[in-house]
Amino acid sequence: MKNRMRELREGRDLSQGDLAEQLDVSRQTVNAIETGKYDPSLPLAFRIARLFRLTIEAIFDPGKD
């Protein structure tokens, strides 16, 4: 699934490790989401959206792979 995670993370000057720590996931999970190799669970998608203060739809586009 296409997403804006990398753009949003870099906009906040966060490393993948920093973001992973804030989301309580591994750095590898953040990398896999950013590269589209892993789609987050709904609870994780909500945590990501809350962290960036955006809607899930503003971050993830399920229509594009």
- Message: Given 3.5 Å as the limit, does a donor-acceptor pair link the side chain of Asn3 with the main chain of Ile33, or not?
- Response: yes
- Please report the closest heavy-atom contact between Ile59 and Ala49, naming both atoms and the distance. CD1-CA, 3.6 Å
- Query: How close do Arg27 and Ala20 get, heavy atom to heavy atom, and via which atoms?
  - Reply: N-CB, 3.6 Å
- Task: Would you check, one step at a time, whether the test side-chain contact (heavy atoms from CB on, under 4.5 Å) holds for Phe60 with Met5?
- Result: CA-CA 8 Å; Phe60 299 97; Met5 285 258 304; 4.3 Å; yes
Do [X] and [Y] have side chains that get closer than 4.5 Å, going by heavy atoms?
{"X": "Leu42", "Y": "Ile56", "answer": "yes"}
{"X": "Phe52", "Y": "Arg12", "answer": "yes"}
{"X": "Arg4", "Y": "Asp61", "answer": "no"}

- Please list all pairs passing the side chain to side chain donor-acceptor pair (under 3.5 Å) test where one or both residues lie in residues 34-60, with sequence neighbours left out. Arg6-Glu34, Arg9-Glu34, Gln16-Glu34
- Message: Using the side-chain contact (heavy atoms from CB on, under 4.5 Å) criterion, which residues pair with Gln22? Sequence neighbours excluded.
- Response: Leu14, Leu51
- For Ser15, check side-chain contact (heavy atoms from CB on, under 4.5 Å) against everything at least two apart and list the hits. Asp18
- Query: With a cut-off of 6.0 Å (strictly less than), are more than 12 heavy atoms of other residues, nucleotides or ligands near CD of Glu21?
  - Reply: no
